[in-house]
Amino acid sequence: MTQPIQFERRTESAAFFSPLAGMAFAEDRIEVRTDPLTGMTAIASAGLEAKEEMFLGKADWAYTDLLVARSRDGCFFCPEKVLEATPKHPDELVPGGRLTRGRALVFPNLFPLAAVHAVVTFPDKHFLRPSEFTPSLLEEGLGAAVDFSRRAAAFYPEMTYVSVCCNHMLPGGASLVHPHLQIFGGETVPWLVRLYWDRSADWLGRHGVSYWAALVDQEQAAGERYVWGAGGVHWLVPFAPAGAREALAVVPAAERVTDLGDEHVAALAAGLTRILTWYEDEGLSAFNFTLSGGPLDGRDVGHPVVLRVIARTAFKQDYRTDDYFLQKQLGGELMFAAPEEMAAQLRPLF
């Protein structure tokens, strides 16, 4: 029988004379959780939840509307310019140079960071609040990305890795307010993806079953962090989150992004819509997500397709970043609220 996944947490205390307690001696309880697969740590302290708004803030929609209006004129993702201002793929890869699926349009990134680096945008949508990423729109965008990934994998046989990513709004790293996804792949595998592959392969070798399948089974049985399952896709909140308000979608039957079927894409879009709408309801406006799977060369590393979505600092005047040394250089993360509490808030939305 497969050994259950061990969810390890420990507590530490920091003691000092606190001005918040009239300079009396006080102890602050700290909880440290360790990700069962990677060993990454996520940290919460007794007073951290009250500081979440200082880190993430609340969206200033009036200020956002000013930016949207100011950036509309001359936007080269909008319909007046997109066909003349964006590159084209070789006809052998995509007949006509650009791929379309419903409202989604796929073309090369003008400033590529990988051998395969394409953009998926919705020309008629200059700006979208998180709640406006509807299931049908996301289904078209994700579906176009999967379609292009299959074509790229066949066209570039040396390509071993591909992911579908999104930076939404300036705090999420976007250079344009116009919503778009990115398809990112090539021969070089990003170090964190390789870490997940290596750790997943090690787990598969030791236990004879995919860590991710075991995670879904165990979390679904426990119920604390499991949120929803449909269409072969399982949504849950990770025990040790790697970003603010992080949620995961696991597709156990799809080993690679190129294996995703229409039912999977529809279920991913439906779940992602609910998460993004919840972000907006919580006053947030920026986010990132990545959709990655196993190697494209056919190796089984026990890592199916996984989507990770995180909230970023809300866009407002004088917004601050939510990353600092802990995330960028020490590989840790803050937990403003318990993952179990987040899952409890999400379940009714599904």
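Values below: every heavy atom of this structure, side chains too, minus hydrogens, waters and symmetry copies.
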Carboxylate-amine/guanidinium contact [X] [Y], below 4.0 Å:
X: R245; Y: E52; result: yes
X: D322; Y: R312; result: yes
X: E246; Y: R308; result: yes
X: R101; Y: E140; result: no
X: D198; Y: R194; result: no
X: R10; Y: E12; result: yes
X: D259; Y: R256; result: yes

Next on the checklist: Could you report the tightest heavy-atom contact between G172 and N288, atom names first, then the distance?
Outcome noted: O-ND2, 2.8 Å
Checklist outcome for this item: On a heavy-atom basis, the closest approach of S200 and W212 is OG-NE1, 3.0 Å
Checklist outcome for this item: From the list V106, D147, L99, side-chain contact (heavy atoms from CB on, under 4.5 Å) with V120 holds only for V106
Please check if [X] and [Y] belong to a single hydrophobic cluster, counting links between Ile, Leu, Val, Met, Phe, Trp and Tyr side chain heavy atoms closer than 4.5 Å.
X: F184; Y: V146; result: no
X: F350; Y: L276; result: yes
X: F289; Y: V177; result: no

Checklist entry - Does NZ or CZ of R274 lie under 6.0 Å from the centre of the six-membered ring of W235, at an angle within 45° of the ring axis? => result no
Item to check | R347 NZ/CZ over W228 ring centroid, <6.0 Å and within 45° of normal | outcome: no
Checklist entry - Has D262 got more than 12 heavy atoms of other residues, nucleotides or ligands less than 6.0 Å from its CG? => result no
Checklist entry - Above 12 or not: heavy atoms from other molecules or residues under 6.0 Å from CD of E263? => result no
Checklist entry - How does the hydrophobic cluster around L176 look, that is, which other residues are in it when side-chain heavy atoms under 4.5 Å mark a link? => result F76, F77, V82, L83, L105, F107, V119
Checklist entry - Which residue pairs pass the salt bridge (charged side-chain N to carboxylate O under 4.0 Å, His left out) test with at least one member in residues 77-99, sequence neighbours excluded? => result R72-E80
Checklist entry - Distance-only, no hydrogens or angles: does the T11 side chain make a donor-acceptor pair with backbone N or O of I30 under 3.5 Å? => result no
Checklist entry - With no hydrogens and no angle check, do the side chains of E187 and T160 hold a donor and an acceptor under 3.5 Å apart? => result no
Checklist entry - Taking the six-membered ring for Trp, are F133 and H168 ring centroids under 6.0 Å apart? => result yes
Checklist entry - Is there a side-chain contact between D217 and V209 (heavy atoms, below 4.5 Å)? => result no
Checklist entry - Run the side chain to side chain contact (heavy atoms under 4.5 Å, CB included) check on R29 and S13 step by step: do they pass? => result CA-CA 5 Å; R29 179 179 172 275; S13 63; 5.7 Å; no
Next on the checklist: Show, in sequence, the C-alpha distance, side-chain angles and deciding distance for S71 and H126, and conclude whether the side chain to side chain contact (heavy atoms under 4.5 Å, CB included) test is met.
Outcome noted: CA-CA 9 Å; S71 61; H126 178 60; 3.0 Å; yes
Next on the checklist: For H303 and Y211: C-alpha separation, side-chain torsions, deciding distance, then whether ring pair (Phe, Tyr, Trp, His ring centres under 6.0 Å) applies.
Outcome noted: CA-CA 8 Å; H303 191 299; Y211 167 83; 9.2 Å; no
Next on the checklist: Applying ring pair (Phe, Tyr, Trp, His ring centres under 6.0 Å) to H89 and F148, what does each step give before you reach the verdict?
Outcome noted: CA-CA 11 Å; H89 290 288; F148 179 81; 4.7 Å; yes
Item to check | ring pair (Phe, Tyr, Trp, His ring centres under 6.0 Å) partners of residues 23-42, not counting sequence neighbours, each pair once | outcome: F17-F25
